[in-house]
Amino acid sequence: MASPPPISNRIRRLRFDRDEMTQQDLADRIGMTRQTVAAIEHNKYSPSLEAAFRIAEVFGVEIGEVFQWKAGPNAETKP
Amino acid sequence: MSFREKNAWFAVLTTLVVWGFYFWTLSVGIAERHLDGGALLTLFLVCMGITLVLLLGLNLVAARLARQQFGAPEDELERAVDARALRFSHGLLGFLLLGVAAGCAWLADWCTTAFPDDPTGSLAILVANAIIFVSVLTEVLREIIHIVHYRRMA
């Protein structure tokens, strides 16, 4: 099984801060399924840049407040 | 379970049941050394119809129960999973079709001894069904890949 992407996110926290916004609500607002939002939230899937911006837009924050790069500068990169 | 995963399960189960019956009937004909092309063609069309009706019906019911729009566009994760499954199944289909083509010479020899009354007709039926078999097989594998990906993401 592939290792999880070196990206963490604060989607759960941000949903909590928005009156416990549900995964379904977030999914509806960014045009995805609830399962995809769950996969992103649990770090099993890295969204496209566009989806990441859409998520940040829903929460009204910068993209860096939603997603954080965890790997160091010397991390191995995929071709 | 997502709507797309349910679709994949329906496709796998429907295909295994309906086309399992079709190929079982074909294998009985081969074992008895009697292939009726007309009857097989009719059975093929019936199986196609049943598959179509079952899949449409099951997916409509699933969409209604999930209060989801039938035929809603896939999101990016679903597209990525589909692209991966399609890449694998198309590659495998090409490889298996080459195998069928390569096996035709051997099959022609075998048909002359197994079906001495009509070796050419039997060969045509067997080759056509070998192509159908590899198509069905790769389609089932494609849906299984969908299921595996969705299970891993769940």
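Quick caveat: nothing in here was measured; it's all calculated off a predicted structure. By convention in this document, chain letters (A, B, ...) are assigned in the order of the sequence lines, proteins followed by strands, and residues within each chain are numbered from 1.
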Where is the tightest heavy-atom contact between B/Asp75 and A/Gly31, given as atom of each residue plus distance? CB-O, 4.0 Å
Got a sec: does the CH2 of B/Trp9 have more than 12 other heavy atoms crowding it under 6.0 Å? no
Can you tell me if CZ on B/Phe133 sees more than 12 non-hydrogen neighbours from other groups inside 6.0 Å? no
As an exercise, state the distance from CD of B/Glu78 to CD of A/Gln35, rounded to the nearest 0.5 Å. 8.0 Å
To the nearest 0.5 Å, how far apart are CD in B/Glu76 and OH in A/Tyr45? 3.5 Å
So for atom CD, which belongs to A/Glu57, do other residues, nucleotides or ligands contribute more than 12 heavy atoms lying within a distance under 6.0 Å? no
CD (A/Glu20) with more than 12 external heavy atoms under 6.0 Å: yes
